[in-house]
Amino acid sequence: YNLVLSDADVGIYNVTVVMSDGDLEDSQTWTLTVTNLPQTSKYESEIFNLPEEELAAVSDVVIELNNVGSIDFGDQEIDFRGVVDFDNIFNISKGVVSVNGDDYDQLDVPATLTMKGLDFQKSPFINKNNGMKAEGDIRCTSCENINYENGELTFDVDGFSTYFAVQNTTNDPPVIT
């Protein structure tokens, strides 16, 4: 069975399903939160403190997962109305940063990405995938201002996909003594 809830007012709802075959009965209850404000269980950002009326034009947005990475959208204004479920729209994990820019066009904008806690011996390659998965071997040719130092990789992107760090397999030049 499917339950479709549409045009619900903002609020918290309890949804209970009772199943019975005439002899046995079981039930399950879920809490459903309907909101217009950005929500997350893991990311940090000042955007989570803004009232709904300020979401239409927000600048200086940084979305961060502590000690893992961040997305800095800089001073450009972004319309965050309708961008609610940050945990499913954004993915900041070790060596991976992605934004669902396909479903949220307003997020398909330039940004500075930071990946922390990496353990590569030399500057890693940055791969790009147009989906939300960190897979494939397509190098990011549009990534700029790449810097890798002390396990922290920062770089600029011109729009969104999935960006992920991979081992740099090139040989270092020989040292002549």
Side-chain angles (χ1 to χ4, degrees), residues 35-50 52 54-176:
T35 182
N36 295 326
L37 298 173
Q39 301 292 305
T40 186
S41 64
K42 57 186 174 182
Y43 298 117
E44 296 175 17
S45 177
E46 288 299 316
I47 196 155
F48 302 116
N49 300 322
L50 295 179
E52 184 177 356
E54 292 182 23
L55 293 175
V58 185
S59 60
D60 300 314
V61 174
V62 178
I63 299 162
E64 181 173 17
L65 183 59
N66 197 21
N67 296 320
V68 178
S70 64
I71 303 167
D72 184 343
F73 288 104
D75 61 1
Q76 58 199 326
E77 286 190 351
I78 299 173
D79 183 353
F80 276 93
R81 292 175 298 180
V83 182
V84 176
D85 187 1
F86 273 52
D87 293 351
N88 286 310
I89 298 168
F90 296 89
N91 175 18
I92 301 173
S93 51
K94 186 173 182 181
V96 179
V97 176
S98 60
V99 174
N100 187 344
D102 291 339
D103 292 338
Y104 298 91
D105 292 343
Q106 70 268 42
L107 301 177
D108 191 13
V109 296
T112 299
L113 309 185
T114 301
M115 298 176 183
K116 299 178 181 179
L118 304 178
D119 52 11
F120 299 110
Q121 295 302 311
K122 57 183 170 181
S123 185
F125 291 133
I126 302 167
N127 284 2
K128 179 179 179 178
N129 182 8
N130 289 331
M132 286 291 287
K133 295 183 179 180
E135 61 186 20
D137 58 1
I138 299 171
R139 297 278 187 263
C140 179
T141 57
S142 60
C143 292
E144 296 181 339
N145 301 318
I146 299 168
N147 184 42
Y148 182 67
E149 198 172 316
N150 299 320
E152 185 171 298
L153 176 65
T154 59
F155 56 99
D156 296 334
V157 298
D158 58 3
F160 262 97
S161 294
T162 295
Y163 298 92
F164 55 104
V166 296
Q167 181 71 43
N168 182 337
T169 57
T170 60
N171 292 327
D172 289 327
V175 176
I176 300 175

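All figures in this text were calculated on a predicted structure; none of them were measured in a lab. For reference, positions follow the sequence shown, starting with 1.
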Can you tell if the side chain of [X] reaches within under 4.5 Å of the side chain of [Y], non-hydrogen atoms only?
X	Y	answer
D85	Q39	no
L118	Y148	yes
D75	D60	yes
F160	V109	no
K128	T162	no
L50	L55	yes
M132	N88	no
I89	L107	yes

Expected output: side-chain [X] to main-chain [Y] donor-acceptor under 3.5 Å:
X	Y	value
Y43	I92	yes
Y163	C143	no
N168	S123	yes
T114	G69	no
E77	A57	no

Please say whether more than 12 non-hydrogen atoms of neighbouring residues, nucleotides or ligands are located less than 6.0 Å from NZ in K133.
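Counting other residues, nucleotides and ligands, NZ of K133 stays at 12 neighbours or fewer.
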
What pair of heavy atoms forms the shortest contact from [X] to [Y], and how long is it?
X	Y	value
S41	D87	OG-OD2, 2.6 Å
F125	Q167	CD1-O, 3.5 Å
A134	V96	CB-CG2, 3.8 Å

Which of parallel (below 30°), tilted (30 to 60°) and perpendicular (above 60°) describes F73 and F80?
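Plane angle over 60°, so perpendicular.
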
For residues N129 and S161, is any side-chain donor paired with an opposing acceptor at under 3.5 Å?
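No, because no side-chain N or O of N129 sits under 3.5 Å from a partner of the opposite role on S161.
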
